[in-house]
Amino acid sequence: MKIPEKLSGFAVSMFSFCLASSVLAAELNLYATMPDKYASEVLAQFSKDTGIKVNYLRLSAGEVLARVQAEKNNPQVDAILGGPADIYEAAKKENLIEPFLPKNASAIPSQFIDPDHAWIGIGIMPLAFISNSDFLKRNGLKAPQSWMDLLDPKYKNSLILADARTSGTATERLFSIRGAFGKEAGIEYQKKLHKNVQMYTKSGAWPALRVGQDLAAVAIVYLPDALDIKQLGHRVEITYPKEGVTFGIEAVGLIKGAKHPEEAKKFIEWAASPKFADFILKNNIKYVPTRTDAVITDPVLNLKNIKALNVPLSWKGEKRKELTDEWINQVLPTK
């Protein structure tokens with residue numbers, strides 16, 4: 001079986017997973033935006049479970065969308081693994097996605113499934129607070145349980161946040177604050193929060209490391225970034241605000257005109273299944289499964305402990321610039 005020409009040109013980045021003792025009769029080509037350390041494990045397990053050979057190329061979300069758009073008349077892949085659901089939304093608008101609803105998706109809440117079935121959410125990345133345990137102890141504080149806790153004067157010059165001009169984590173923070181407080185109260189809250197911030201960073205993940213190193217007290221980051229720091233052995237606590245947070249959605253979708261549609265559908269069925277949810281939990285792949293029947297023992301990963309603000313992707317797209325401009329023009333000048 002020959003890998004499509006455009007895919008085979010990226011042999012260094014491409015991995016094929018096979019059963020060790022036999023040549024596989026079916027194959028699947030896909031783009032993955034999920035970090036390679038996770039994608040390689042996930043796809044190896046899929047091949048093991050189904051006997052389908054997988055050829056994949058790991059790219060950023062923007063690169064995946066650009067390739068799918070450029071290849072619309074001759075698709076080079078059959079499916080997409082991972083990435084924020086908004087790239088699927090963009091592809092859907094250009095008729096590049098084939099709607100498909102897995103039979104086993106009933107345990108996935110509707111907020112994690114596109115109404116038109118262009119994508120299925122398989123994991124979520126809620127925003128979380130990560131706090132340095134030593135800082136909390138020194139200052140007689142408990143790990144924050146509310147957005148309002150971050151306004152405590154003891155946090156002055158001790159919070160580290162991402163910059164909304166460069167970071168998707170930061171714009172997620174703006175979405176969460178708007179969702180939790182509304183427009184006017186949200187702006188006023190951010191002005192007060194700003195007074196406790198020591199710096200804003202270009203990267204959304206870097207604040208978590210500074211908290212782990214006791215160079216800052218608290219950061220607001222995506223859960224996988226917080227878990228990375230905790231699993232490195234840093235003394236940190238991970239909590240969620242009771243008012244709620246928004247989240248990023250890791251999804252899967254079927255490419256319109258796929259050359260291996262049946263294999264792609266089998267992959268999407270597998271990714272939406274309890275088997276996938278159990279696999280990512282057991283293998284420390286740091287997404288919260290979307291399935292409500294997933295057996296989650298770590299309270300940090302339990303959706304029942306997180307108030308998720310249901311903010312539609314379309315609203316995020318419409319409001320992203322507005323909220324960023326408000327932060328730049330009304331919040332930053334106040335310190």
Side-chain angles (χ1 to χ4, degrees), residues 124-164 166-181 186 188-248 284 286-288 296-309 327 331 335:
I124 71 167
M125 303 184 296
L127 277 191
F129 296 158
I130 180 171
S131 308
N132 182 276
S133 301
D134 294 330
F135 178 95
L136 296 176
K137 185 176 181 180
R138 288 195 304 268
N139 289 275
L141 293 165
K142 294 182 179 180
Q145 305 288 330
S146 165
W147 286 103
M148 301 305 293
D149 291 344
L150 300 183
L151 304 185
D152 191 311
K154 290 183 178 180
Y155 286 120
K156 187 172 180 63
N157 294 323
S158 296
L159 306 182
I160 182 165
L161 308 179
D163 191 316
T166 57
S167 167
T169 301
T171 51
E172 198 74 67
R173 181 184 75 243
L174 303 186
F175 297 145
S176 291
I177 292 171
R178 172 67 71 88
F181 294 99
E188 290 306 308
Y189 170 80
Q190 289 186 77
K191 289 178 180 178
K192 295 174 183 177
L193 181 70
H194 180 60
K195 295 178 180 178
N196 281 348
V197 176
Q198 63 172 232
M199 72 168 68
Y200 294 97
T201 66
K202 182 177 180 180
S203 164
W206 193 53
L209 178 59
R210 286 185 63 86
V211 169
Q213 295 171 335
D214 201 6
L215 298 175
V218 181
I220 302 168
V221 297
Y222 278 126
L223 178 60
D225 295 322
L227 288 173
D228 271 338
I229 298 305
K230 187 171 185 177
Q231 289 165 5
L232 286 172
H234 293 289
R235 288 174 46 78
V236 297
E237 296 183 45
I238 300 171
T239 55
Y240 302 99
K242 63 183 181 181
E243 299 89 351
V245 291
T246 56
F247 43 80
N284 203 25
K286 305 180 182 78
Y287 303 102
V288 180
I296 298 174
T297 57
D298 185 343
V300 170
L301 294 174
N302 195 328
L303 286 176
K304 294 179 181 178
N305 297 328
I306 308 170
K307 182 177 180 180
L309 299 172
W327 179 75
V331 177
K335 194 169 183 177

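Counting begins at 1 with the first residue of the sequence. We use all heavy atoms of the structure for the numbers below, so side chains are in, but hydrogens, waters and symmetry mates are not. Everything quoted here is computed from the prediction, not taken from an experiment.
By the side chain to side chain contact (heavy atoms under 4.5 Å, CB included) test, K192 is found to be paired with L151, residues two or more places apart in sequence or in another chain being considered. Not counting sequence neighbours, the partners of A208 by the side chain to side chain contact (heavy atoms under 4.5 Å, CB included) test are I130, V221, I229. For S167, the side chain to side chain contact (heavy atoms under 4.5 Å, CB included) partners two or more places apart in sequence, or in a different chain, are A162, T169, A170. Remark: A217 engages F135, Y155, S158 in a side chain to side chain contact (heavy atoms under 4.5 Å, CB included) (not counting sequence neighbours). Partners of T166 according to the side chain to side chain donor-acceptor pair (under 3.5 Å) rule, which considers only residues two or more places apart in sequence or in another chain, do not exist here. In this structure, the salt bridge (Lys or Arg N to Asp or Glu O under 4.0 Å) partners of D163, at least two apart in sequence or on a different chain, are R165. Residues meeting the salt bridge (Lys or Arg N to Asp or Glu O under 4.0 Å) test with D298, sequence neighbours left out: none. Taking the salt bridge (Lys or Arg N to Asp or Glu O under 4.0 Å) definition, one finds that D214 meets it with R138, sequence neighbours left out. Residues forming a salt bridge (Lys or Arg N to Asp or Glu O under 4.0 Å) with K202 (at least two apart in sequence, or on another chain): none.
Atoms NZ and CG, from K242 and D149 in turn, are 7.5 Å apart once rounded to the nearest 0.5 Å. Here the CZ-CD distance, from R210 to Q198, works out to 5.0 Å after rounding to the nearest 0.5 Å. To the nearest 0.5 angstrom, T239 atom OG1 is 11.5 Å from N305 atom CG. Interatomic distance, CG of N196 versus CG of N157, reported as 7.5 Å (0.5 Å rounding). Remark: Q213 CD to L232 CG distance equals 10.0 Å, nearest 0.5 Å. Rounding to the nearest 0.5 Å gives a distance of 8.5 Å between CD1 of I124 and CG of L223.
Applying the ring pair (Phe, Tyr, Trp, His ring centres under 6.0 Å) rule to pairs touching residues 209-247 yields F112-F247, sequence neighbours excluded. Residues in residues 125-134 take part in these side chain to side chain donor-acceptor pair (under 3.5 Å) pairs, two or more places apart or across chains: D134-R235. Listed by first then second residue, pairs satisfying ring pair (Phe, Tyr, Trp, His ring centres under 6.0 Å) with a partner in residues 199-221 read H194-Y200, Y200-W327, not counting sequence neighbours.
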Chi angles and distances behind the side chain to side chain contact (heavy atoms under 4.5 Å, CB included) call for I220, V245 | CA-CA 10 Å; I220 302 168; V245 291; over 6 Å; no

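S176 places a side-chain N or O within 3.5 Å of a backbone atom of T246 that can act as its donor or acceptor partner.
In plain terms, the two heavy atoms of I306 and P126 that are nearest each other are CD1-CG, 3.9 Å. What you find for A164 and L174 is that their closest heavy atoms are CB-CD1, 3.8 Å. Scanning all heavy atoms of the two residues, the minimum distance from A180 to L309 falls at N-CD1, 3.7 Å. Between N139 and K154, the shortest heavy-atom distance links the atoms O-NZ, 3.0 Å.
Side-chain atoms of F129 and V211, non-hydrogen and from C-beta on, never get closer than 4.5 Å to each other. Using a 4.5 Å cut-off on side-chain heavy atoms (C-beta onward), E243 and M148 make contact. At a threshold of 4.5 Å between non-hydrogen side-chain atoms, the residues Q231 and K286 count as touching. Counting only heavy atoms from C-beta outward, the side chains of L301 and L227 approach each other to under 4.5 Å.
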